[in-house]
Every structure is written in C-alpha cells, then in structure tokens.
Amino acid sequence: VCPGERRPRSITPLDHNSEMSLSDSEFEPGGKRNFLQLTDKDGEQPQIASVTDSSGLDDSSQERFIGPLPRDGSAGCSGDYSSPSYSYSSILNKSDTGYVGLVNQAMTCYLNSLLQTLFMTPEFRNALYNWEFEESEEDPVTSIPYQLQRLFVLLQTSKKRAIETTDVTRSFGWDSSEAWQQHDIQELCRVMFDALEQKWKQTEQADLINQLYQGKLKDYVRCLECGYESWRIDTYLDIPLVIRPFGSSQAYGSVEEALQAFIQPETLDGPNQYFCERCKKKCDARKGLRFLHFPYLLTLQLKRFDFDYTTMHRIKLNDRMTFPEELDMSPFIDVEDEKSPQTESCTDSGAENEGSCHSDQMSNDFSTDDCVDEGICLDSTSSSERMLKPKSLLTFELFSVMVHSGSAAGGHYYACIKSFSDGQWYSFNDQHVSKITQDDIRKTYGGSSGSRGYYSSAFASSTNAYMLIYRLKDPSRNAKCLSVEDFPEHIKKLVQKEKESEEQEKRQREIERNTCKIKLFCMHPVKMMMESKLEVHKDKTLREATEMAYKLMELEGVVPLDCCRLVKYDEFHEYLERSYEGEEDTPMGVLLGGVKSSYMFDLLLETRQPDQVFQPYKPGEVMVKVHVVDLKNETIATPVSVRAYLNQTITEFKQLISQATGLPAETMRVVLERCYNDLRLLYVPNKTLKAEGFFRSNKVFVESSGSTDHQVAFTDSLLWKLLDRHGNTIRLLVLLPEQSPGTLANRTLCQKVGGDSDAAFEGSKGNRKSVETILEESTKKLKNLSLQQQHQGSSASDSQKSSDASDFEHIESPTQEADSNSSLCVAADNRELENRIRATAGSSGGASSDPDNHFACEERSDSEVNNDRSTSSVDSDILSSSHSSDTLCNADSGPIQLANGLDSHSITSSRRSKAHEGKKETWDTAEEDSGTDSEYDDNGKSKAEAQYLYFRAEPCSQDDSFGLVVHVDKRITLAAFKQNLEPYVGVTSTQFKVFRVYANNQEFESVRLNETLSSFSDDNKITIRLGRALKKGEYRVKVYQLLVNEPEPCKFLVDTVFAKGMTVRQSKEELLPQLKEQCKLDLSIDRVRLRKKTWKNPGTVFLDYHVYEEDISISSNWEVFLEVLNEPEKMKSMSQLAVLTRRWSPATMKLGPFQEVILESSSVEELKEKLSEISGIPLENLDFAKGRGTFPCDISVLEIHQDLDWNPKVSTLNVWPLYICDDGAVVFYRDSTEEPMELSEEERNELMKKESSRLLKTGHRVSYSPRKEKALKIYLDGGPAKDPGQD
C-alpha cells in the first residue's frame, strides 16, 4: 500500500513482446507515479543490460532501484548490480542507500553516532585522508588517526552492510568492558578531539580541530557607574544551551531563544555588587558573555540532562525545542541594549587573554553599526586590523542531529545526517542506514504530554535531539568529499589493502560456508578414546577426509593409514551406524547430507591390526557389546562387539555370540542390561531381539559354564549377584590423613587386610571367646605377613592363594590393573579368617553358615565403645553395613585435630565386635531413621548391620600423599563405608570424618550415616580427616573470638561440638581446654562469655544456666562468639541489656574505645545516666545516636557529626528509630557543648584520605553512591596503567 493510500495497489502483468504503448498498458500519465515490480522469469535472476540506459531517469525513479546508489548523485545503477554474478544476497550485504553502518559492540551507539557525523563532514574527512601514517614512528594498533582513517576508508568503499569499530576502540586503549559503558556523546566529542590534537602535534593537521570547531567568546563584567570593564577571552568547541531555566516551569521554545538567553547579561546589584577597580568601591555591574568568533562547524549541545534536587536523581528534560535548518548567528554578536555614557577601550592586564577596558580606546566596541564585531576575532585591539564579515556570511546550515532516545538512566543514540552531495537526510542507527525526511527531523524536537511543574519529565523516556552540528554557508570554504579517484596515493594503497583484506575475509567466509564441521572420535591405541572436530570441505572425498582425520588424531607412526577408516557413529548410544565400503571417492558433502550447522550423528575413525579385516556395518543393524562372565573366578571380561538384526530370534542370536566368543550355545545364558541395573534373562528361544527390548546399542552378559547355577531362579543365582554387584560398583579415590595416630605401624597391614570380605556371620554369647581368639591369632599372622611383604615385596609363590581368593569382580578400566599376588595372598588369609569365624559360629548352633545370613545387632553403651578401642584386632563390623548418603556442610580446608579427651595411644587401628545373643535380625533401609546424624541409635545400639555390600581397596599414591583406590557398592551406607575404612585410617569410624571433594577442590563433610553413596560416581574424590564424628543430638560449632576494640573484631578460634541438653557452662568447661591446647589461650571460666553471632554482629549474651535446644536454638554449622571479660560477668538475667558504647569527640575528631554498658531496663534515661557516669559528661549535655550497619558500625569522623540521628525523641530503646531489643547494639555519644575542630582545606583533605583508607580496610564505604559511573578516557599510550594497590 502506498503512503497515504488505503486501498491495495493492483498488479497487472505486462507482455514483454507486446507493441502496446505505455498508456494502453494502464500506465497513468500526468506526473503520477507508476510502480513496476520485478520478478524472476523462468527461474532466471534479473540483470541490467546496459548502465547507460538509465541515464535519462529522473530522481524519483532512482529511489526504486535495487542496490546502492552512485555517490556522485548521477542517475544509474552501480556496477555491482549489472554484474552477471548478481544475487539477492547483495541486498543483505549493503544498504540500498549506498552507505555503510557501524556495528554496536554492546553499548557503543554514542560512539557510532559521532563517527558517522565526522565521516559525513567533508572537511574533516578530507583532512584525515591527507594525513599520512608513518608506521616506523608508531604502532598502527594504537594510532587513533590511522584507525579512524581505516574506518573512514571502509565506510566509503566497503561492500558490507556494517563494519566493526573494535580496531578504533582498541586504539583508544579500551578493553571489552568499555563496550558495556554508555557515555555522553558530547563528552566523547571533547575527549576524542583532545586525543586527536595530541596525536597530530608537529603535523599539518595540528590545528585542524581549532580551525574547524573552535570559536571565541568574551566573559566580561562592566561597571554601570564608570563604564570600566574587566574581561577574559575564552575558546569553546560547543555551545551548551539550557532547555529550561533553573526553577522555571517554562522551557525555551527554540534554539534561537536559548542562544539569546545564553548571551543575556545579568545585573550584579545588592549583596552581589561588583568591586570596581576604578571607582574603588562596590558598584552595580553588568556580567555576561559576548561571542567574538563563530567556528566553521558550529556545535550546539541541548542540555537535556539535569538534576532534580527534590528527588536527588538525574533526570532528562523532554521539552520541545525547535531548531531551524538554516541558523542566522548575526543577532548574537553584540546584544548590549544599554550604553554607558563613556565608551570603553582595552588595556593589557598582564595576563593572557585578560584585560580591563576604559575610555579613549576601542571607541567602536559597542557601536550599533551592524557591520561591527560580527564574526570578528578580537585578538587585536586595533580597529584597522579587523576583518569585517557581512551578515550573509554568518548563516549556518544544519547537517547533523544526534538524537537520544530514553531517560537519564540510559537510552540509545543515533544520528540523522544530511549528505552534502545530494541534500538527502539519512538515519544512521548503528548498522542500519535509511533515508528519512524533514518530518522525521521535526519529530526530534521533543515534547511531552501534560505539564506537572518543574522537572515534570523526570524518568520519562522520549526521543529528541541532543546535539546539533551546523556548517557555515561559505562557498569559498565549503568542500565536497574526495572521491575514490581523487584519493591521495597513501589512501589508495590503504584502499587496496583493505579491499584485499575484505576479499580474503569473503573467501574465508565462502570456505566456511562450504565446510562440514562434525565431531570426530577415535579409540587411540595409546591415548584411549579421543575426541576432536573434523573440518572438511564438502568437495573433499572420503579418502581425503580419512587422511585428515588420521593426522588429526595423531595416529602417524602408531597405526598405518590403510588400517583406518571413517564410519558413521552415534556417540550418545555408542552405536556404529554404518560403514562406507566402496565410497572412498564420494564427496563428504554427499555422505554427510550437506553442510549443516550441526549433525545428528558423529564420525568415528576406526582402526584395526594389519592382520585383521574391517567388519562391514550396514544400516538397520544393531550393535551389541557382549561381556563374557566367568562364574568360577567371578570376573567379567572386556566387551566383544557383535552386529545383529532386530528380527533375529534369541536362538539365532546365541549362535551369533557363539561364533564370536567360542562359547557353546546349548548351555549359554544371555542377560540383557536394558538400562541402568535393569537385568533381563533372555530365555524364550523364538522371541525376537526387538520384542526383548533391543535398541541401536545394547549390552549383554553371557555365561556358558554349565554349572548348577542356572537351575535356581535368576534373581537368586550367582550370576545375578555378580552382575548386580558389577552394575553398582563405583571407583572412589580416598586421600588418607598424613599422620594418623597408630597408623605408621598399622597402615601397611591395613593395606592388605582390607581386601574382599563378602561373608557375614551371626555370633552368640556362648562362642564369643573363641571368635575373639581367632581374631587375635589371625591379626598376628596378618601382621607378620604384612611386615614380610613390606621388606621383600610380592612373592610368586602366592599364586595358589591368589586364585582361591578371587571372589571379586575385575572392573575393566584404563586405570585399573589386576591385583598383585601379595595383596591376593592377604585376601586369602582374610578369607581363611572369615571361614574360621563362620565355622566356629556354626559349630555352636547359633547361626547358619549361609553367607546371606547376617549377624545380630549388638548392644553397647558409649563407654563400651570407647573402652573397646584399646586392642588391635580385625574389626568384624567391617563385614556389615547400612544405607547412607551424605548431607553437605562446610568443612575447613586445614587438618582437623582430634576431639576432646582423645590421644594417640587410645586410638588404634580397629575395634572388636561384641555379638549378643537373642537379638532379632534387622535390615536398615533408606527410610529408617532418616533424620539422625549418629552412628548409634538412642539406646547406644550400633546400626552397622545389614546385607553385605562389596568393598575392595588398593593403595595408591596421589600427589605425594598416601591414598586408596576403593571399589565399593554405591548402595553401601556411609556408616558401613567408614567402618570398612577403619583399618586404613587407623582409628575407629567415630574418630574420623569424611569430606567429599568437588570442583575447585571445595570440600564438604558427609555426615548422614544412614544414607547411601548413590550420589557418588566413578573417580569422585574423598578426603579423610581426623576428628570425632558427630553423634545424635550433637552439633558442630565454629567458635570466634569477639575483639571489640581491634581492627578485625572477629577472629576464628576452633571447631568444637555442642550437644543437645548441655548447659552453657558445661560447653565452656569442654571448650577451655581445647582453646588452651590449640590456641594457647589460658582463660578462666568466670572471665569468658559466649554470645550469639549473626554474620559479624554480636548478639544475645548466653548465661551459664542456659540449655542448648531449650533456651538457645542451635543448628548444624552453628557459629558463636567467645568474649574475654576484664571482670566477672555482670549479666545475670535475660531482662538485662548489654549495649556497646563509644564516645565521639568533635574537638579532637576522634572516636574512643568501645565500653559495655549493662542496663536493667530499656529506658533511654537509664542509658544516658550510665553514659554520663562513665564519661563525666553532664546529663543535660549528653547526646547519643545508634550506630548503623554491621558491627563495629564504622563511620567517617567527617560525617558522624551530622549523618547520625542524634538524640531521637523517644523514651524507650525498643521503639523506632532505635529498635534496640537485643544485646550488642552500638551507641555513639558526645558532649553537645563541644565544638567541632576547625579544619583547613588541606587538613580536611588529609583527614579524608586517612578515613577512606581506614574504612576501606574494615570493609566500610565512606559514603553511599547508588551508581558509580566510569569516566570516559582515551589513552594515548595504548591503555590504562594497572593500579598496584587495586585488587
């Protein structure tokens, strides 16, 4: 639909072979517009046969051409369009206006607007082109003029729609963070011009900015009695125009009105009288500005950003202000409306550009002659040297409007610029360039609906002009932009260089568009599975791509090239989809289905041995990984890959497996693992693989021993148990403490003893002695064997025992090797020990020898547990377990010392098991007692009884620290896991803690003993630290010392344990010996107090009789303050209030130390009495105020006197604005009759520096700043210097 029309335009097809006239073809005569729509004919793209054919078209027809317009304004199409290789993509490459946009890096729209304005200024562009860069003198990367030159060349010659400005901002010394800082466009203009002047020193362009943009004005004060005038000449690059006068609700309506207000003098009278040097007294005077010289390029800044002193916010003024397309500046030269009876003249005052004027000289300064002082530079005092300019030469033409859209909080800049070549206005909005009209310019005048008084447009968002640039209409100076043909030689070379660079970039993009990028995997014979990205041109053949992949995967010298091939691969399912036999010369683009941003499959570089043959993979096949299970040795072999079809039967599938593995199909059992731990026995002969749930990639386990195991139910069979264990076993890396008490002698033993233990037993009172005897004998035997192995190493003669002891699964992984004979030998002895225990227990008739049975729960008190730790024996509790997992809580990174009352001789490598008769067999589940943190229940019973779950440990060395590789069933509880670790740590499970190590080596303690290790996965790391583990009702507590008068008032002391039901005094009794041992603090129990800690704030004082959980709420990882008292505790009741007070002395500008005041009530009067008592300040002169923020409520001594709310009008402390309801509040007080110290400006600045340093060290800010704005800087030395003191 045409603009202004409401009906759709009808489209009539034209017959190209018709001889009809245009009028007969429904073309409308009479100057009306007729529109042609070009469409493809028979799939052929449109072409222009001849450029000269369009030479006679008028301007209106030019607008309808596809492609960029010629920049010289002549009619016709660009050569690009008439090229036979024309495609519609060229429309996307460059705007149809012929101009190039600039890419917004993030928030650099203000920069883009200014750069486009400078580019469209012919005089600036030409001068920049005439400057020649000397590479030998400066680095091109940091040269601002050179990077601007490159940018302008690209803006004029590039075929892109938009180009980057990163090279320019890099020359400014900016990093990427500057792209996210929006700045003021006028500020940027000033800073950039300053930088260019610095860079252009000693060149022809040294004075370019001044020649183009600098004007002069006189700042004067004139006595109204004698006519004496004092003046100073200033230069300016732009004229700031006020939108709305301060305190007024009415804005200036136009730029002319604002200019008139700018030079309107003000009268100095009354208290503002001026001291006249001639009259030697204060007189009424006239003060104002007078323009002396206007620059060639006049910049007007409309001051739309202001500050609202009511709301204390920056605001934007969106009032309407018109501006003309042609601005006559002649009325603004001399606007003196009242003349003194004496004319004035100028004398030298001894300062540059300053002076005073009186009679007899410069008699024409204030003449009403129109031709005097208009546009004249009054550098000379001689009237004969003045160059007079008529008014006609003071007409300025608008060519750039920089627009801000948004509010004072942020917004967007763009530029409306008129081209001097054709007079057309364009909108340069970052990468988008489009034609606009005068109506669009008028829309930038601004204006908001309604009038709500002064600053009515605060926070309102609107689009309006912010900077205007006019050019003087002077045919002798007005220039046109240099055409490409007229470029200086060095610019022509630069154009050629940039063109080649752009062509290279275009070729690279073309290559990128034709490059297939796909994930590549390879099972490297040495480096195992490798992953990379294969980038191959779509026209490269499979053979060439294979060679590229071969080099990419570093197989040269490892595998011959002819032993490698690329196959289609699904990495997620580990599925080989198909191979490409006979397609070695097929292009990769065909094989991969074209060039795509991503593929639904991957490629695998498959390798083979020279004597092997590649197996063909056909589409539709499924891949099966076959693991052979050896029931006798309880091992699972590495997988063998087999290809099968979904419509095959189980019988056919067994035959296929038999061929691949050599196992007999008749006795074969096949188990499919459909998903994690979902095992399915395939026993129906005629059922197909698809019906059994086979997918693209599958895992099966086969066993063909012909043993009686196949006669029992599958879930009760040994095969199921072995596979179940295989599916749930994970590998953990455990780091042991460096020096465990008692472990130096026992650790070597424990490395070997902790082998497999897969039997459980049930004891009775009658046979306990014999069991313990066996344990002690076996322990001695194991000790001797361990010491022998320590000195002699492993022995080959242990092979027999090794084969007998292989009751665990060999998990296939790159990091795991078969156990040494020596460790298996010890495992055999351990098995012998278990058998003897089982036999002894069985002979008493108290239990069955069935390995699935479990021994009964033992009953023990805490004292029995502690007393039972004194002997060194193998702990049979290792054979039992319960379900657990860990709850995360913060842990210290440093080593933790032993808990209260434990020393090295009382902690041994194991503890004995006491089995009691008559206890019912129990099974611990994930739901059972899920809320407890303790290893023992309320009656002191051990909860380490359940089905046996697999555990095997091997020693290893990690970063020079002793550690273990543990293979464990992840269904084991944390409690059972800790019991299994006891022999390796050297202490009982209650005396060490387990920390899970996460990314960045962050450690969190696992304390939930009744939850499993199901959240762990292979190769997770665990750190063991010595220290008493928590029991039920116990809480780990971090104790900090409160030092109220120290720079750092919060100091960490120790980790300790508080228990539910314990009194505060009892906790102090346990804490003090720990402080003496670990912190060297010898304290008296009556001179310390504990108090609540909230962040860094001290709170409620805990009294000795308070009970945890009853009077004091306590939680995991609780924190508490310990405060050392100078005298016995004065706090005796909860009704009392402990307040921390501090005296402020204005006369010395210092704060005194903290002093605690104990109040019996919340009365303000009592507080003031106490403060008067400790300070000696009379009650009537005492002022007080509550501190703000986090303890110690630091505040600058320069601000405390006026910033705090002194002497609030309240009678009690627990009401607004004090709200002092708990202990620990900070109160400042002062003597109201004390006058503040008088400070000089230098003393104040010095004190401010000291206070800033002090408050920064304590983490407190000197003053509040809601938004810190970063100053705009351009660095001439390549970048900002890093502040050594900056973090």
Side-chain angles (χ1 to χ4, degrees), residues 737-742 862-863 865-866 869 889-907 933-935 985-995 1003 1005 1007 1023-1043 1046 1048-1093 1098 1101-1109 1112 1114-1125 1128-1129:
E738 291 183 5
Q739 290 292 333
S740 299
D862 286 345
S863 60
V865 172
N866 291 329
R869 294 171 185 157
C889 53
N890 287 325
D892 294 328
S893 59
I896 300 174
Q897 300 191 19
L898 298 181
N900 307 337
L902 296 175
D903 48 43
S904 59
H905 68 267
S906 67
I907 302 174
D933 286 341
S934 175
E935 193 172 349
V985 181
V987 298
T988 55
S989 61
T990 56
Q991 303 306 321
F992 67 83
K993 294 172 284 187
V994 175
F995 291 85
E1003 294 184 354
E1005 186 180 358
V1007 297
T1023 297
I1024 304 297
R1025 299 194 186 280
L1026 296 180
R1028 185 165 68 81
L1030 297 179
K1031 296 180 182 179
K1032 186 172 184 181
E1034 292 185 335
Y1035 300 89
R1036 204 170 304 284
V1037 177
K1038 291 182 181 297
V1039 181
Y1040 294 81
Q1041 185 175 4
L1042 178 63
L1043 303 163
E1046 295 293 329
E1048 180 49 60
C1050 181
K1051 176 186 176 184
F1052 175 75
L1053 293 177
V1054 292
D1055 268 317
T1056 189
V1057 175
F1058 289 176
K1060 176 183 178 181
M1062 179 186 286
T1063 65
V1064 172
R1065 188 171 183 86
Q1066 288 172 336
S1067 65
K1068 290 198 294 187
E1069 289 172 349
E1070 290 200 12
L1071 181 60
L1072 292 184
Q1074 195 175 347
L1075 291 174
K1076 185 175 182 180
E1077 179 184 351
Q1078 300 183 26
C1079 304
K1080 310 305 178 187
L1081 290 176
D1082 193 2
L1083 305 174
S1084 168
I1085 195 168
D1086 295 322
R1087 294 296 179 92
V1088 295
R1089 70 156 62 129
L1090 298 179
R1091 65 191 302 169
K1092 183 178 179 181
K1093 179 180 182 289
V1101 174
F1102 299 147
L1103 306 180
D1104 281 353
Y1105 57 82
H1106 283 161
V1107 179
Y1108 297 114
E1109 285 286 24
I1112 303 169
I1114 190 169
S1115 59
S1116 298
N1117 295 316
W1118 200 45
E1119 294 182 345
V1120 67
F1121 269 130
L1122 178 138
E1123 187 176 7
V1124 180
L1125 304 176
E1129 179 65 82

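Residue numbers start at 1 and run along the sequence shown.
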Closest non-hydrogen atom pair, Lys1068 against Val1088:
NZ-O, 3.0 Å
CD of Gln1074 to CG of Asp1055: how many Å apart, nearest 0.5 Å?
8.0 Å
Show your reasoning for whether side chain to side chain contact (heavy atoms under 4.5 Å, CB included) applies to Leu1043 and Glu1048.
CA-CA 7 Å; Leu1043 303 163; Glu1048 180 49 60; over 6 Å; no
First locate atom OH of Tyr1040, then atom CD of Glu1119, and finally report the distance between them rounded to the nearest 0.5 Å.
4.0 Å
Can you give the donor-acceptor pairs under 3.5 Å from side chains of residues 1058-1065 to other protein atoms, not counting sequence neighbours?
residue	atom	partner	partner atom	Å
Thr1063	OG1	Gln1066	N	3.1
Arg1065	NH1	Asp1104	OD2	3.1

Side-chain ion pair, Arg1089 and Glu1123, N-O less than 4.0 Å:
yes
Rounded to the nearest 0.5 angstrom, the CD1-NE2 distance for Ile1112 and His1106 is 6.0 Å
Which atoms form the tightest heavy-atom contact between Leu1090 and Ser1067, and what is the distance?
CD1-OG, 3.7 Å
Go through the structure and list residues passing salt bridge (charged side-chain N to carboxylate O under 4.0 Å, His left out) with Glu1109, not counting sequence neighbours.
none
Check against side chain to side chain contact (heavy atoms under 4.5 Å, CB included), Val985 and Leu1026:
CA-CA 9 Å; Val985 181; Leu1026 296 180; 4.0 Å; yes
Show the numbers, then the answer: is there a side chain to side chain contact (heavy atoms under 4.5 Å, CB included) between Leu1042 and Arg1091?
CA-CA 9 Å; Leu1042 178 63; Arg1091 65 191 302 169; 3.9 Å; yes
Interatomic spacing from CD in Gln1041 to CG in Leu1083 - rounded to 0.5 Å
7.5 Å
Distance from Leu1053 atom CG to Lys1038 atom NZ, nearest 0.5 Å?
12.0 Å
Classify the ring geometry of Trp1118 against Phe1102: parallel below 30°, tilted from 30° to 60°, perpendicular beyond 60°.
parallel
Let me see the working for Glu1046 and Lys1051 under salt bridge (Lys or Arg N to Asp or Glu O under 4.0 Å), right down to the final yes or no.
CA-CA 10 Å; Glu1046 295 293 329; Lys1051 176 186 176 184; over 6 Å; no
Taking all heavy atoms of Cys1050 and all of Lys1093, pick out the closest pair and write down the distance.
SG-CE, 3.6 Å
Please round to the nearest 0.5 Å and tell me the distance separating atom CZ of Arg1087 and atom CG of Leu1072.
13.5 Å
